[in-house]
A.B. asks: 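I am attaching a structure below and will ask some questions about it afterwards.
Within every chain, numbering begins at 1; the chains are lettered A, B, ... in the order of the sequence lines, protein sequences first and strands thereafter.
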Amino acid sequence: MNYDFWEIEKKWQDYWATHKTFRASNLSDQPKYYVLDMFPYPSGAGLHVGHPLGYIASDIVARYKRHLGFNVLHPQGYDSFGLPAEQYAIQTGQHPSKTTTTNINRYRQQLDQMGFSFDWDREVRTSNPDYYRWTQWIFIKLFDAYYDIDEDKALPVSKLIERFEKEGNFSVNAHCGKDTPLFDSNQWSTFDADEKQRILLFYRLTYLSETQVNWCPALGTVLANDEIVNGVSERGGHPVIKKKMRQWSMRIGAYANRLLKGLEDLDWSDSLKEIQRNWIGKSVGASIYFKLEKYPEKLEVFTTRPDTIFGVTYMTLAPEHDLVKLITTNEQQKAVSEYIEQISGKSDRERQADVKSITGVFTGAYALHPFTGNLIPIWIGEYVLSSYGTGAVMAVPAGDQRDFDFANHFKLPIINIFEGIDISEGAFTEKGNVKLTRSEFLNGLDVKTAVEKVIVELESKSCGKGAVNFRLRDAIFSRQRYWGEPIPIYFKGEIPVPLRQEHLPLKLPEVEKYLPTEDGKPPLGNAKEWAWDEMNEQVVSIDLIDNKSVFPLELNTMPGWAGSSWYFNRYMDANNENEWVGSSALEYWKEVDLYMGGSEHATGHLLYSRFWQKFLFDLGYTNKEEYAKKLVNQGMILGNSAFVYRKKGTQTFLSKGLIKGEDVEPIHVDVSLVNHHDELDVAAVKKWQKDFDQAEFVLEKGKYIVGREVEKMSKSKYNVVNPDAICETYGADTLRMYEMFLGPIEQDKPWNTAGISGVHNFLKKFWRLFYQQGQWIVKHEDPDAESLKILHQTIKKITDDIERLSFNTCVSTFMICINELTTLKCSSKSILEPILILLSPFAPHFCEELWQQLGNTKSIEFEPFPIFDPTKVTEETKEYPVSFNGKMRFTLKLSLDLGVEQIKELVMQEQRTLDQIKGATPKKIIVVPGKIINIVI
RNA sequence: GCUCGAGUGGUGGAAUUGGUAGACACGUUGGACUUAAAAUCCAAUGGCCAUUGCGGCCGUGCGGGUUCAAGUCCCGCCUCGAGUACCA
């Protein structure tokens with residue numbers, strides 16, 4: 001019986017499925033281990049070889065931990081709400097749920113064929129009402145909460161109301177909208193119910209407000225900041241413009257500080273933590289309130305350099321700043337409105353494209369300097385962003401390059417406040433080793449001292465205070481889409497009212513069309529049954545809306561990240577119908593021990609999910625403030641695209657070696673039409689696409705050689721390699737081991753099938769240790785010392801390498817082990833069995849089969865992992881040269897398995913030791929096997 | 001621009017705390033078995049010199065430094081990749 005992987009893999013996949021081998025119990029005395037993959041969005045294209053990379057790695061860890069006696073939770077599911085299914089629905093009229101189900105089935109089939117040890121009884125789908133019911137429940141919890149700055153946590157809104165009734169909101173220190181009115185307890189009691197609700201909306205963690213949003217006309221929806229890359233939409237690459245809309249937002253900004261601090265204790269990669277830190281973008285400085293010359297309003301700015309206050313020569317407002325309208329003088333009215341007109345016509349991309357050109361206009365108004373009382377002209381400038389800080393800056397040309405450029409461009413004055421520094425060529429932006437001048441009470445101080453002093457002064461004059469500012473913006477939560485979670489809210493006039501928990505899930509209604517309505521409402525505006533009957537507590541027809549007992553439901557849906565922000569908790573108790581997660585399940589599983597996934601989610605999913613977890617923690621629904629202790633980012637597997645070269649304007653294609661000096665354009669061809677010597681199958685190309693029908697291929701040395709380039713795997717680049725084909729040719733175990741062998745798990749790497757035969761040969765070679773010339777040859781004989789040594793070296797290396805997730809070196813270790821055992825013709829059962837256990841996380845089907853062939857009846861999965869015995873790898877006593885600080889002194893006969901202390905002892909006993917060494921204690925003894933002992937003194 | 005990471009044979013990569021650089025695999029070359037092929041096995045494979053022998057010298061992007069010892073640590077460059085981008 002040869003290594004028939006096809007038969008074997010099918011057999012064991014069936015076995016695992018029918019025996020539910022990988023079902024995890026919530027009631028167990030064993031220690032728990034939770035290994036999680038980022039669940040996939042089931043796209044129509046299916047999985048390519050890049051997707052399983054992380055799944056294979058996490059599966060190895062899951063299986064390894066089972067061998068160690070852990071009760072392992074290793075679940076999988078689908079992030080099944082999303083844009084592609086919806087766009088397919090728009091084109092074909094097919095309900096997105098149908099497309100989604102089809103795709104999920106295909107994904108499941110592909111996942112199964114790779115032999116993953118998932119507990120499928122815990123599968124979740126974010127588009128399943130049993131699941132999104134709890135997503136909606138969390139939304140309502142957020143709606144019912146506010147962030148109390150004094151307690152530094154979220155609290156129920158009922159607590160806030162109590163305080164308003166007692167003391168109004170003067171002393172309430174909470175995150176809220178910037179236009180929140182102030183009132184005392186008496187005023188609060190005079191407000192009617194609607195007014196109270198309007199005020200509470202300023203405080204809620206999920207709130208409705210009129211905000212500048214990123215509107216993508218092509219997708220017909222709003223996008224969050226992390227969904228925009230280089231000024232265009234992440235999906236589809238469509239342009240994005242700014243627009244004011246009334247939208248649901250999530251007050252993630254309230255958690256900025258905790259999200260930042262929480263990173264410190266996480267075992268995540270430094271680069272990923274750095275990305276999150278940058279995204280949160282904490283700046284420490286001061287808020288300064290400038291009085292206006294002619295109005296009672298104050299102009300608030302944020303600055304990281306309050307010490308440069310005496311260098312302020314003008315102010316700049318963002319074109320969208322609220323004060324612009326008020327303060328612009330009649331003379332400047334025309335110029336200002338023309339300027340704003342011109343700016344608002346630009347898309348984000350255009351704005352980004354020309355950051356170098358300096359634009360701006362004078363408002364005609366003046367502010368007063370808080371210390372000198374001098375008049376400071378107020379300008380509008382495009383370089384000031386409305387979305388950062390207060391949307392206004394105090395301009396210090398001497399200390400900021402942009403202010404400097406702006407001042408020069410518009411001939412505004414520049415005051416040099418740095419002693420002995422030449423600023424004729426540019427601003428001085430360094431913070432160290434400089435003293436201030438022309439700065440009254442700050443003269444002669446360095447930056448740090450001046451900052452402290454000026455803040456004290458500002459506070460004493462109540463025209464400023466020390467302040468911290470974050471780049472992180474509140475997250476827009478509304479999407480004008482069909483295929484997402486409905487927001488469980490109905491409207492009494494302007495006032496949003498949440499559904500109660502017992503009315504959830506609020507199921508997605510049926511619609512005829514998935515496009516926005518003709519009057520520009522989101523797709524849910526097409527639904528006929530989409531109104532809430534308050535009396536009968538049910539969804540009813542929109543025709544019944546009377547705004548007395550039947551009210552319209554919210555038409556927006558939730559964004560893609562809603563469902564993925566808490567799914568890791570749901571896996572702990574996936575089938576619970578009464579709670580989001582049962583408390584005993586939470587108590588047992590606690591948090592994710594290892595989370596595996598791509599770093600592309602650094603500023604999206606991985607930030608939002610931490611935010612929700614912290615919120616749920618605040619309200620006591622979970623006792624873990626961070627849900628993923630350790631996170632590993634698997635690298636991306638890139639495609640190795642193939643190109644043919646067409647002579648411009650012809651149907652002639654030149655082989656790669658012939659293109660020099662020719663005017664050619666490279667065209668992608670399907671990588672499956674090229675062999676691994678880069679030779680193109682010309683006949684196949686002609687059949688592949690009509691365009692190549694009449695093409696003429698110019699060969700070199702009788703062959704057409706393609707060009708190669710490493711790119712992201714994508715359908716449109718014809719460089720996608722499908723795992724199904726690999727499984728068919730080499731088997732899943734080979735694929736698993738090969739993907740691990742390609743390189744370090746965290747590294748990006750191009751897919752290249754060339755080396756796969758090495759791994760496949762390894763499995764065949766291992767098989768031959770058991771089976772040769774038509775018979776099984778494993779014997780129950782005592783192992784020889786040499787084989788035992790190899791076994792124990794292997795155990796040591798594999799254990800260490802799995803622990804540090806170095807799977808590529810594991811594969812090498814197995815290869816060395818089997819090569820050596822083959823040389824020794826080792827066929828001892830007591831050697832081969834432990835090796836099978838070591839290997840089984842990598843090649844599970846293969847190992848199960850041989851395990852069974854050795855006469856075992858139970859699955860190999862829960863066999864205890866072999867234990868390393870150092871006595872089995874003992875070196876013989878040999879003659880070793882001994883050197884001190886690199887200089888050879890004498891030779892010594894000893895065994896290297898002696899401890900360092902014992903070697904020390906022997907060395908010190910030596911008579912030949914030189915005077916300088918006598919009595920000295922060696923700092924370090926370096927033993928290089930077979931070569932030398934070096935003693936550092 | 002700023003922040004972070006990386007640079008090792010023809011290729012992917014190994015070297016865990018500063019201690020035999022290039023493990024393992026691919027590829028290439030030669031050989032065995034075979035009528036032949038496939039499959040399998042063996043040998044060589046960083047560069048230069050010597051190759052009748054031992055061997056010798058150089059070598060981890062570049063230039064310095066610390067150390068008995070540097071791919072690894074320090075300083076200064078170069079190149080590539082990622083994140084971010086008028087962040088006040």
Side-chain angles (χ1 to χ4, degrees), chain A residues 2 229-231 269-279 281-283 285-286 301-306 308 315-316 318 351-352 354-358 381-385 387-396 399-403 405-406 429 469-473 599-600 602-603 633 635-636 676-677 737-738 741-744 746-762 764-765 768 772 797 800-801 803-804 806 808-817 819 822-823 883-888 924-937:
Chain A
N2 282 323
V229 179
N230 294 329
S269 78
D270 288 338
S271 73
L272 196 117
K273 288 201 222 177
E274 198 60 30
I275 293 172
Q276 289 210 343
R277 276 191 205 108
N278 289 341
W279 188 262
K282 180 175 179 171
S283 309
V301 302
F302 173 77
T303 176
T304 54
R305 295 293 302 275
T308 61
M315 313 285 292
T316 318
R351 258 179 112 149
Q352 276 182 20
D354 98 311
V355 292
K356 285 201 187 80
S357 65
I358 297 165
E382 204 183 353
Y383 80 99
V384 177
L385 303 176
S387 57
Y388 185 79
T390 58
V393 301
M394 59 175 222
V396 184
D400 184 289
Q401 192 56 44
R402 291 154 303 169
D403 296 343
D405 295 339
F406 194 87
T429 52
N469 196 49
F470 292 94
R471 203 191 77 112
L472 184 68
R473 307 258 61 82
S599 59
E600 67 271 23
T603 55
N633 296 121
M636 213 191 315
H676 53 260
H677 299 294
M737 291 195 77
Y738 184 58
F741 184 66
L742 272 176
E746 301 201 64
Q747 216 167 74
D748 287 350
K749 51 219 152 207
W751 178 257
N752 178 4
T753 325
I756 200 167
S757 62
V759 171
H760 194 60
N761 284 342
F762 157 77
K764 286 198 284 189
K765 203 166 178 176
R768 279 198 302 276
Q772 273 172 27
K797 194 98 188 17
D800 290 352
D801 286 353
E803 289 289 347
R804 66 188 178 105
S806 175
N808 54 332
T809 53
C810 285
V811 178
S812 294
T813 302
F814 284 123
M815 288 177 176
I816 296 166
C817 172
N819 280 343
T822 304
T823 312
S883 71
F884 289 92
N885 286 357
K887 284 170 192 147
M888 230 248 293
K924 200 174 172 190
I925 296 186
I926 295 128
V927 178
V928 181
K931 278 261 170 129
I932 203 166
I933 300 171
N934 191 3
I935 298 168
V936 180
I937 51 172

A.B. asks: Would you say F302(A) and T304(A) make side-chain contact, with heavy atoms under 4.5 Å?
C.D. replies: yes
A.B. asks: What protein N or O atoms touch nucleotides 8-16 of chain B N or O atoms at under 3.5 angstrom, if any, and at what distances?
C.D. replies:
| unit_1 | atom_1 | unit_2 | atom_2 | d |
| --- | --- | --- | --- | --- |
| G12(B) | O2' | L742(A) | O | 2.7 |
| G13(B) | OP1 | Q747(A) | OE1 | 2.9 |
| G13(B) | O3' | N808(A) | ND2 | 3.4 |
| A14(B) | OP1 | N808(A) | ND2 | 3.1 |
| A15(B) | OP1 | R804(A) | NH2 | 3.0 |

A.B. asks: In whole angstrom, give the distance that lies between atom CZ of F470(A) and atom C1' of A88(B).
C.D. replies: 16 Å
A.B. asks: Considering all heavy atoms of both residues, which atom of V384(A) and which atom of G391(A) are nearest to each other, and what is their separation?
C.D. replies: CG1-O, 3.5 Å
A.B. asks: Shortest non-hydrogen contact from L385(A) to A318(A)?
C.D. replies: C-CB, 3.9 Å
A.B. asks: What stems, by residue range, does RNA chain B take part in, given at least 3 consecutive Watson-Crick or G-U pairs under 3.5 Å?
C.D. replies: B:1-7 with B:78-84, B:10-12 with B:24-26, B:27-32 with B:40-45, B:46-49 with B:55-58, B:61-65 with B:73-77
A.B. asks: Say we look at A14(B) and G22(B): how far apart would their C1' atoms be, to the nearest angstrom?
C.D. replies: 8 Å
A.B. asks: Is there a side-chain contact between S599(A) and the phosphate of G83(B), meaning an N or O under 4.0 Å from OP1 or OP2?
C.D. replies: no
A.B. asks: With side chains defined as the heavy atoms from C-beta onward, is the minimum distance between M815(A) and V759(A) less than 4.5 Å?
C.D. replies: yes
A.B. asks: Between G71(B) and A15(B), how far apart are the P atoms? Round to whole Å, please.
C.D. replies: 16 Å
A.B. asks: Taking only the P atom of each, what is the distance from G65(B) to A82(B) in whole angstrom?
C.D. replies: 35 Å
A.B. asks: Quick check on RNA chain B: between E274(A) and T303(A), whose nearest nucleotide comes earlier from the 5' end?
C.D. replies: E274(A)
A.B. asks: Return the value, rounded to whole Å, for the distance between atom CD1 of I756(A) and atom P of C26(B).
C.D. replies: 12 Å
A.B. asks: Can you tell me which nucleotide in U40(B), A88(B), C4(B) comes closest to the side chain of V384(A)?
C.D. replies: A88(B)
A.B. asks: Expressed in angstrom and rounded to an integer, what is the separation of Q772(A) atom CD from A39(B) atom P?
C.D. replies: 19 Å
A.B. asks: Using atom P in both nucleotides, what's the gap between U67(B) and C74(B) to the nearest angstrom?
C.D. replies: 16 Å
A.B. asks: For D403(A), report the nucleic acid contact type (base, sugar-phosphate, nothing); a contact means any heavy atom under 4.0 Å.
C.D. replies: nothing
A.B. asks: When rounded to the nearest Å, what value does the distance between P atoms of C26(B) and G76(B) take?
C.D. replies: 43 Å
A.B. asks: Could you give the distance separating U28(B) and A39(B) at their P atoms, to the nearest angstrom?
C.D. replies: 13 Å
A.B. asks: Where is the tightest heavy-atom contact between F741(A) and S812(A), given as atom of each residue plus distance?
C.D. replies: CE1-OG, 3.7 Å
A.B. asks: Using atom C1' of each nucleotide, how far apart are C68(B) and U20(B) to the nearest Å?
C.D. replies: 16 Å
A.B. asks: Both A392(A) and S271(A) contact RNA chain B. Which one's nearest nucleotide lies toward the 5' end?
C.D. replies: S271(A)
A.B. asks: Taking S269(A) for the side chain and L272(A) for the main chain, is one N or O donor matched with an acceptor at less than 3.5 Å?
C.D. replies: yes
A.B. asks: Please pick, from U84(B), A25(B), A88(B), the nucleotide with the shortest atom-to-atom distance to any side-chain atom of T603(A).
C.D. replies: U84(B)
A.B. asks: Taking OP1 and OP2 of C41(B), is either one under 4.0 Å from a side-chain nitrogen or oxygen of R768(A)?
C.D. replies: yes
A.B. asks: Give me the atom names and distance for the closest heavy-atom approach of K797(A) to T813(A).
C.D. replies: CG-OG1, 3.3 Å
A.B. asks: Using a heavy-atom cut-off of 4.0 Å across all strands, would you classify N469(A) as base, sugar-phosphate, or nothing?
C.D. replies: nothing
A.B. asks: Could you tell me how far apart E600(A) (CD) and U84(B) (C1') are, to the nearest whole angstrom?
C.D. replies: 17 Å
A.B. asks: Pick the P atom in A21(B) and in G59(B), then give their distance to the nearest Å.
C.D. replies: 13 Å
A.B. asks: For K765(A) and N819(A), does a side-chain donor sit closer than 3.5 Å to a side-chain acceptor?
C.D. replies: yes
A.B. asks: Looking only at heavy atoms, which two atoms of W751(A) and Y738(A) are closest? And how far apart?
C.D. replies: CH2-CD2, 3.8 Å
A.B. asks: Would you mind telling me which of D400(A), D403(A), V301(A) makes a side chain to side chain contact (heavy atoms under 4.5 Å, CB included) with M394(A)?
C.D. replies: V301(A)
A.B. asks: Give the rounded distance in Å between these two atoms: CZ of R305(A) and P of A88(B).
C.D. replies: 11 Å
A.B. asks: Taking CG from L472(A) and P from U84(B), how many angstroms apart are they, rounded to a whole number?
C.D. replies: 13 Å
A.B. asks: Identify the two heavy atoms, one from R471(A) and one from Y388(A), that lie closest to each other, and give their separation to 0.1 Å.
C.D. replies: CA-CE1, 3.9 Å
A.B. asks: With syn defined as a glycosidic torsion within 90 degrees of 0 and anti otherwise, which applies to G9(B)?
C.D. replies: syn
A.B. asks: For the side chain of R402(A), starting at C-beta, report the closest nucleotide among C26(B), C4(B), C87(B).
C.D. replies: C87(B)
A.B. asks: Check whether any side-chain nitrogen or oxygen of R471(A) sits under 4.0 Å from OP1 or OP2 of A85(B), and answer yes or no.
C.D. replies: yes
A.B. asks: Without decimals, in angstroms, what is the distance between N819(A) CG and U40(B) P?
C.D. replies: 13 Å
A.B. asks: Let me know the distance between NZ of K765(A) and P of C24(B), rounded to the nearest Å.
C.D. replies: 11 Å
